Protein chains: 2
Amino acid sequence: MLQLSKKVEYGLIALRHMAMKPMGQVFTAKELAKEYDMPYDLLAKVLQKLARHGIVASLQGVRGGYALAKKPTEVTVSLIIRVIEEERPMVAECYTDGPASCYLFGNCTIRKPLGKLQRNLNVLFDTMTVQEIV
Amino acid sequence: MLQLSKKVEYGLIALRHMAMKPMGQVFTAKELAKEYDMPYDLLAKVLQKLARHGIVASLQGVRGGYALAKKPTEVTVSLIIRVIEEERPMVAECYTDGPASCYLFGNCTIRKPLGKLQRNLNVLFDTMTVQEIV
DNA sequence: TAATATAGGACTGTTAAAGTCTGATTTATG
DNA sequence: CATAAATCAGACTTTAACAGTCCTATATTA
């Protein structure tokens with residue numbers, strides 16, 4: 001319950017690894033997967049998403065791989081989750097779309113109350129950066 | 001991702017409903033389910049768990065039902081989650097058991113870093129009570 | 001041109017969450 | 001004392017999200 005997904009975990013592990021080495025250093029998905037015993041294919045997809053959103057830079061071809069494209073202080077956990085999961089971390093679906101999206105409609109009584117929880121959660125994830133998990 | 005389960009939502013809705021009425025008032029699972037359009041069977045199970053842990057008192061038989069057994073200020077969201085899910089809200093499995101439980105074993109690099117996130121999350125859930133969602 | 005890397009889509013398997021069904025027990029009340 | 005209405009409890013089924021795999025295309029270096 002309330003756990004980060006494996007994909008996010010894999011992403012965090014990879015980003016952390018990169019953040020600990022000299023900026024600009026290139027790593028292949030293969031070596032990262034091996035180092036931390038993560039499924040190669042899955043990690044590859046995660047890195048591709050991070051690349052598409054400019055968090056890492058990708059180099060194709062033989063001596064290719066990935067390198068951090070942003071400073072570790074600039075990448076928040078919140079951003080990583082949004083990029084990898086394609087959604088924000090939410091305590092209830094209520095908050096995913098407009099007001100009409102709540103399955104309880106008029107009778108939803110926890111929307112407002114949980115908003116407080118949600119906002120606090122947002123602060124947590126928005127505040128924590130890759131720098132802090134090194 | 002990172003959402004509260006339906007069971008927890010149902011539990012929160014039910015507890016909130018009770019907390020808004022005079023202390024000691026009895027409600028049946030049936031009426032609560034109807035009022036908020038929740039699946040009766042599921043809500044019933046949730047209430048039974050809350051009863052077993054003394055959060056609500058249950059009265060069997062014809063005019064039976066449930067009533068709050070603790071003051072709304074005494075029941076934290078954290079407790080509700082632990083009772084209903086039978087586990088704590090965790091950002092990674094790492095934290096569920098002893099040190100050996102991490103699937104990355106020696107190579108887990110996010111355990112310590114995520115601990116910070118975990119602690120902050122704990123504070124959130126430990127601090128928020130039923131009183132605050134009324 | 002061969003080897004090695006990313007890119008990306010389709011697919012399958014697995015698991016946890018969500019929901020349902022059945023029957024037993026308790027108790028107020030007509 | 002029989003009945004109806006409620007909790008209690010466990011087994012079961014369904015569903016959907018997550019995790020993981022597979023295949024092929026494209027890019028790039030040597």
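Here the structure is a predicted model, which is why all the values come from computation and not from measurement. First the proteins, then the strands, lettered A, B, ... as listed; each starts at 1.
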key: Test side chain to side chain contact (heavy atoms under 4.5 Å, CB included) applied to B/Leu2 and A/Ile81, step by step   = CA-CA 10 Å; B/Leu2 281 163; A/Ile81 293 175; 4.2 Å; yes

message = I want to verify a distance call: between D/dA19, C/dT26, C/dT27, whose nearest atom is closest to the A/Ser5 side chain?
response = D/dA19

ask   = Are OP1 or OP2 of D/dC18 and a side-chain N or O of A/Tyr10 less than 4.0 angstrom apart?
value = no

note = Winner on side-chain proximity to B/Arg63, out of C/dA28, C/dA18, D/dT21, is C/dA28

task = Calculate the interatomic distance between A/Lys7 atom NZ and C/dG8 atom C1'; express it in whole Å.
result = 14 Å

message = Whether the side chain of A/Gln118 engages the backbone of A/Val91 through a donor-acceptor N/O pair (distance < 3.5 Å, no angle test) should be reported.
response = yes

ask   = What is the distance from CD of B/Glu87 to C1' of C/dA17, rounded to the nearest Å?
value = 11 Å

message = Please check this pair: side chain of B/Lys49 against backbone of B/Ile84, looking for a donor-acceptor N/O pair closer than 3.5 Å.
response = yes

side-chain N/O A/Tyr40 vs C/dT4 OP1/OP2, d < 4.0 Å = no

inquiry  = I need the residues from residues 44-57 of chain A with at least one non-hydrogen atom less than 4.0 Å from DNA chain C; give them sorted by number, or say none.
reply    = A/Lys45, A/Gln48, A/Arg52

remark   = Rounded to the nearest 0.5 Å, the CE atom of B/Met128 sits from the CD1 atom of B/Ile80 at a distance of 10.0 Å

key: Separation of C/dT26 P from B/Tyr66 OH (nearest whole Å)   = 15 Å

task = Starting from P on D/dA6, measure out to CZ on B/Phe27 and report it in whole angstrom.
result = 14 Å

query = What's the verdict on side chain to side chain donor-acceptor pair (under 3.5 Å) for A/Asp126 and A/Thr76, showing C-alpha distance, side-chain angles and the deciding distance?
reply = CA-CA 6 Å; A/Asp126 287 343; A/Thr76 64; 5.1 Å; no

request  = Assign each of B/Ser58 and A/Leu42 to its nearest nucleotide of DNA chain D by heavy atoms, then name whichever residue's nucleotide is nearer the 5' end.
outcome  = B/Ser58

inquiry  = Using whole Å, what does the distance between atom C1' of nucleotide C/dA17 and atom CD1 of B/Ile84 come to?
reply    = 14 Å

ask   = Does the side chain of A/His17 reach to within under 4.5 Å of the side chain of A/Leu32, using non-hydrogen atoms?
value = yes

Side-chain donor or acceptor of A/Glu85 paired with backbone N/O of A/Arg82 under 3.5 Å = no

query = Nearest to the side chain of B/Thr28 - C/dT6, D/dA6, C/dT27?
reply = D/dA6

request  = Report the nucleotide, chosen from C/dG19, D/dT21, C/dT6, that has the shortest atom-to-atom distance to any side-chain atom of A/Asp41.
outcome  = D/dT21

request  = In whole angstrom, give the distance that lies between atom CD of A/Gln3 and atom P of D/dA19.
outcome  = 9 Å

